[in-house]
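Some notes on the structure that comes next.
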Amino acid sequence: MDRYSPSELEPKWQEEWEKAGVFRARRDESRPKYYVLEMFPYPSGRIHIGHTRNYTMGDVIARYKLAKGFNVLHPMGFDAFGMPAENAAMEQGVHPGKWTYDNIATMRAQMKPMGFSIDWSREFATCDPEYYAQQQALFLDFLEAGLVYRKAAVVNWDPVDMTVLANEQVIDGRGWRSGALVEQRELTQWFFRISDMAEELLEGIDRLTAWPEKVRTMQRNWIGRSEGLQFRFETVGAPEGFETLEVFTTRPDTLFGASFAAIAADHPLAKALETDPEIAAFNAECRRMSTTEEARETADKKGIDTGIRVRHPFDPDWELPVYIANFILMDYGTGAIFGCPAHDQRDLDFAREKGLPVTPVVSPGDEGFTIGDEAYTGPGRMINSRFLDGMEVEEAKSEAIRRIEEAGQGRGVVRYRLRDWGISRQRYWGCPIPVVHCPACGIVPEKKENLPVRLPEDVSFDRPGNPLERHPTWADTSCPACGGKARRETDTMDTFVDSSWYYARFTAPRAPTPTDPDEAAYWMNVDQYIGGVEHAILHLLYSRFFARAMHRTGHLPAKAVEPFDALFTQGMVVHETYSTRGPDGRPRWHLPEEVERDEKGARLRDGTKVEIGHATKMSKSKKNVVDPDDIIRNFGADTARWFVMSDSPPERDVEWTAAGAEATHRHLARVWRLVRTIASEEVREEAPGEAATALLKATHRTIRSVTEGIEGFAFNRAVASLYQFTNTLAHTDAQAPGMAQARRFAARTLAQLMQPMTPHLAEEMWAMLGGEGLVVTAPWPEADPAMLADETVTLPVQINGKRRAEIVVPRGAGREAIEAAARADAAVQKALAGREPRKVIVVPDRIVNLVI
RNA sequence: GCGGGCGUGGCGGAAUGGUAGACGCACGGGUCUUAAAAACCCGGGCCUUCGGCGUGGGGGUUCGAGUCCCCCCGCCCGCACCA
């Protein structure tokens with residue numbers, strides 16, 4: 001080879017790694033393990049350059065830890081169940097399974113040329129019957145442990161597609177696919193009891209110190225703990241069965257500021273009152289509003305007086321009106337509140353609307369304190385509050401709770417925003433829920449020996465609805481308990497279930513049980529998890545719940561209840577957009593390869609001027625996409641890997657540019673040529689001269705900075721110091737005393753330090769330089785502390801904080817010596833102009849500051 | 001509204017409270033070449049010089065602030081009628 005040719009050397013080295021089996025992970029109690037995992041992809045069709053960045057980061061860590069002597073587990077799989085496969089089935093008539101497995105084959109074939117250090121022998125897809133069989137076994141264990149239950153719940157129902165929709169799939173009250181008006185329906189569904197673990201999941205966050213603060217905060221907010229008082233109002237004039245009204249409040253201190261009570265439109269009492277057509281109409285209106293995000297944001301406070309009254313808990317003669325109001329949510333607290341307008345903005349808006357009294361009960365102590373259009377929510381002392389008067393807010397809260405508890409009207413409680421996790425989906429392409437509905441025995445779990453409950457192959461998607469439900473025979477079965485005729489559950493599990501435990505399955509992907517205890521004990525936890533911040537809440541919270549549930553059911557060790565020790569959320573790869581105006585005035589988007597750029601701007605090949613848009617997330621619709629296959633073909637995998645690690649810090653977005661990719665490739669070619677030159681140089685036994693020593697020192701400094709960069713997830717800084725080192729090395733004179741040896745050592749070290757980022761080129765360099773074995777298995781170089789320090793240091797000398805001179809002094813020189821050297825400097829003397837400094841600050845090896 | 005983060009050259013970005021702008025991209029100049037590309041070398045924050053000014057703006061702490069504190073402005077992300 002006479003030039004850098006990635007298309008030749010990359011496949012060659014991948015073959016060598018494969019032959020040596022260097023990425024095959026085996027349990028080895030004698031070595032410390034390291035488990036690095038990137039969030040596995042959904043097989044949507046093709047790999048995206050964003051995936052490439054994500055997996056390269058994980059690969060850099062994995063290869064670095066391998067070199068550091070860890071027994072590394074770095075697996076990959078596919079999150080393969082989900083809606084897009086069914087959409088493809090409806091649109092193209094292809095079976096979801098075929099569509100999915102074809103995509104997996106494509107994406108695996110795209111990933112392999114990237115040279116990732118993945119143990120492919122552990123690969124699985126969540127739609128593999130071997131995987132979902134174990135998921136069904138977990139479900140049965142959870143059911144037995146009381147972690148799963150069934151209840152009726154209100155869902156968004158699309159009457160055309162005949163399916164349940166997630167809130168995100170409802171746009172302006174209509175189904176995102178069908179456009180049909182979405183109905184609220186009550187269906188009996190399966191739930192995981194995640195809310196039972198709310199406190200545990202909340203407390204656990206405190207220990208996740210290697211997670212981004214942002215994600216921890218998001219999870220805390222999502223769990224949404226609040227302390228307060230739950231109590232019963234006595235009602236006056238309510239229908240039978242509603243003698244009391246239960247409400248929740250976090251402000252029991254403001255009870256004497258109450259001027260009304262309000263309930264949600266879905267509250268049982270509100271429903272009971274629907275015999276009144278006016279109330280029925282109001283409730284219907286509220287329900288409709290609740291499905292459209294936009295309406296909810298802008299909606300005014302509305303309410304309807306029920307005519308019912310409630311007695312104040314501290315004064316039976318004090319009655320408050322009860323409204324049905326559009327801003328009360330049925331699924332938080334008890335779906336009923338008492339309104340204290342002076343100290344809650346929503347209550348105040350509502351009170352102003354309805355002309356209700358506004359009584360301040362907390363005073364900040366200011367002169368002339370009144371409530372205008374803004375509620376007062378700050379601290380202060382109680383006023384207008386009888387026995388609470390004069391107390392601070394916190395004290396008043398405790399006292400109010402104590403009195404209510406004493407009177408037996410309620411109690412102090414802790415509430416969470418976190419709801420139980422509904423997992424039933426009326427879909428085909430998901431994991432079947434392994435239970436049977438028996439007319440005699442009711443709900444009966446399937447026997448474990450009958451797992452998996454397999455999805456049928458012969459299904460059609462020509463009609464809306466759930467193909468499992470309308471399959472002629474699939475649901476027909478016998479009851480595992482009585483043996484009589486019974487019907488299978490036709491709902492499948494939410495695909496978030498699949499991804500909630502795959503990390504555990506990777507530790508023993510072929511085990512006949514969900515996990516293998518020895519393998520799980522050895523490999524868990526995931527030491528470093530890497531993925532997009534879009535999974536900050538749901539996936540990561542569900543996984544934390546699952547790990548706990550798997551521990552309770554004996555599938556994971558206690559240490560694994562927090563499965564991810566460290567989390568890193570990486571930024572996206574973005575690209576600028578190119579558009580022209582179509583005849584209809586709308587923008588027409590163009591692929592990067594259709595556009596020619598110069599200093600004046602960009603144009604199409606036919607000369608049409610192109611408008612350049614800001615770099616945004618790559619999307620097919622805006623055509624600002626880069627296909628990794630093209631990059632590999634043109635420049636090689638190492639260029640793609642080096643590029644996505646350069647410049648931008650990994651947590652931020654990186655902008656892909658064609659010019660940047662070319663420049664990266666040129667740099668790698670330069671490294672290749674430099675190493676080839678050095679490899680051809682004859683090495684003589686020779687003591688290192690001054691220049692050779694300087695190079696050796698630079699080498700050790702680079703070892704330190706690259707190591708720190710990788711350890712600290714600052715790959716861009718590691719790359720920068722490698723650029724700098726390459727420049728230093730290239731400018732050395734091979735003829736200088738001892739330089740041939742120093743250059744060879746430097747070049748070998750360069751190969752080792754580049755290996756995590758550009759593994760193929762690094763192997764080639766290593767081989768050219770006569771390195772032993774593969775560089776991927778060579779131990780990581782250690783920086784020699786003795787080689788890190790120079791004998792002299794250059795210190796800036798400041799006069800009044802402004803830099804006026806530089807002095808060179810021996811490293812570790814004392815304060816007196818440094819001060820003397822500074823005073824002796826000509827520039828310093830000029831600046832001092834004979835004046836005597838009032839104060840002298842000397843920080844050895846750092847700086848001198850003279851104050852005059 | 002609540003929470004989190006960010007603001008540094010033309011651009012991406014460096015900088016344990018200690019020489020702001022490392023490194024890269026783009027740009028300009030040069031060497032080589034018939035020419036171009038590649039390769040190699042050199043250059044640059046701003047202002048008119050001595051010198052001064054510079055990290056969104058304003059204050060403060062400090063011998064010394066991009067970094068710490070207070071106030072303000074702008075941008076990004078998440079949650080959102082949560083009682």
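Letters A, B, ... are given to chains in the order of the sequence lines, protein chains preceding strands, and every chain is numbered from 1.
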Indicate, with a heavy-atom threshold strictly under 4.0 Å, whether [X] touches base, sugar-phosphate, or nothing.
X      : value
A/T217 : sugar-phosphate
A/L795 : nothing
A/N716 : sugar-phosphate
A/R220 : nothing
A/D349 : nothing
A/P649 : sugar-phosphate
A/E655 : nothing
A/R717 : sugar-phosphate
A/Q345 : nothing
A/D344 : nothing
A/H343 : nothing

Listed nucleotide nearest any side-chain atom of [X], set [options]:
X      : options             : result
A/R346 : B/C81, B/G13, B/U19 : B/C81
A/R417 : B/A83, B/A26, B/A80 : B/A80
A/V843 : B/A15, B/C23, B/G18 : B/G18
A/Y332 : B/G18, B/A83, B/C77 : B/A83
A/W222 : B/A80, B/U19, B/G78 : B/A80
A/R804 : B/G24, B/U19, B/G52 : B/G52
A/N326 : B/C79, B/C23, B/C81 : B/C81
A/I847 : B/A15, B/G18, B/C81 : B/G18
A/R666 : B/A26, B/C81, B/U19 : B/A26
A/P796 : B/U19, B/C63, B/A26 : B/U19

Scan every strand shown for a Watson-Crick or G-U wobble partner of [N], both distances under 3.5 Å, and answer none if you come up empty.
N     : answer
B/G24 : B/C11
B/C40 : B/G30
B/A35 : none
B/G3  : B/C77
B/G66 : none

Exercise. Phosphate oxygens OP1/OP2 of B/A38: is one of them under 4.0 Å from a side-chain N or O of A/R3?
Worked result: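 False: A/R3 side-chain N/O out of range (4.0 Å or more) of B/A38 OP1/OP2.
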Exercise. Can you tell me if the side-chain N/O atoms of A/N727 get under 4.0 Å from OP1 or OP2 in B/G24?
Worked result: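 For A/N727, the contact criterion (side-chain N or O under 4.0 Å from OP1 or OP2 of B/G24) is met.
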Exercise. Which residue, A/R670 or A/D331, contacts RNA chain B at a nucleotide closer to its 5' end, judged by nearest heavy atom?
Worked result: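 Result: A/R670.
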Problem set entry | Residue whose closest nucleotide on RNA chain B lies nearer the 5' end, A/S226 versus A/V848 | A/V848
Could you tell me how far [M] sits from [N] if I compare only their [atom1] atoms? Round to whole Å.
N     : M     : atom1 : result
B/G18 : B/G28 : C1'   : 34 Å
B/G24 : B/C69 : C1'   : 35 Å
B/U19 : B/G30 : P     : 36 Å
B/A14 : B/G29 : P     : 31 Å
B/A65 : B/G60 : P     : 12 Å
B/C50 : B/U67 : C1'   : 32 Å

Exercise. Any cation-pi pair here, A/K301 with A/F327, using under 6.0 Å and within 45°?
Worked result: yes
Exercise. Can the positive tip of A/R417 be found less than 6.0 Å from the middle of the six-membered ring of A/W222, inside 45° of the ring normal?
Worked result: yes
Problem set entry | From CA spacing to verdict: side-chain hydrogen bond (donor to acceptor under 3.5 Å, both in side chains), A/N221, A/R216 | CA-CA 9 Å; A/N221 293 343; A/R216 300 167 78 197; over 6 Å; no
With no hydrogens and no angle check, just 3.5 Å: does a side-chain donor-acceptor pair link [X] and [Y]?
X      : Y      : answer
A/N849 : A/R803 : no
A/Q570 : A/R652 : no
A/Y332 : A/S226 : yes

Problem set entry | Stepwise side-chain hydrogen bond (donor to acceptor under 3.5 Å, both in side chains) check, A/E246 with A/Q230 | CA-CA 7 Å; A/E246 188 109 22; A/Q230 187 165 325; 3.1 Å; yes
Exercise. Ring centres of A/F350 and A/Y323 under 6.0 Å apart?
Worked result: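 Aromatic pair counts; centres sit under 6.0 Å.
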Exercise. Is there a donor N/O on one and an acceptor N/O on the other, under 3.5 Å, for the side chain of A/R846 and the base of B/U19?
Worked result: no
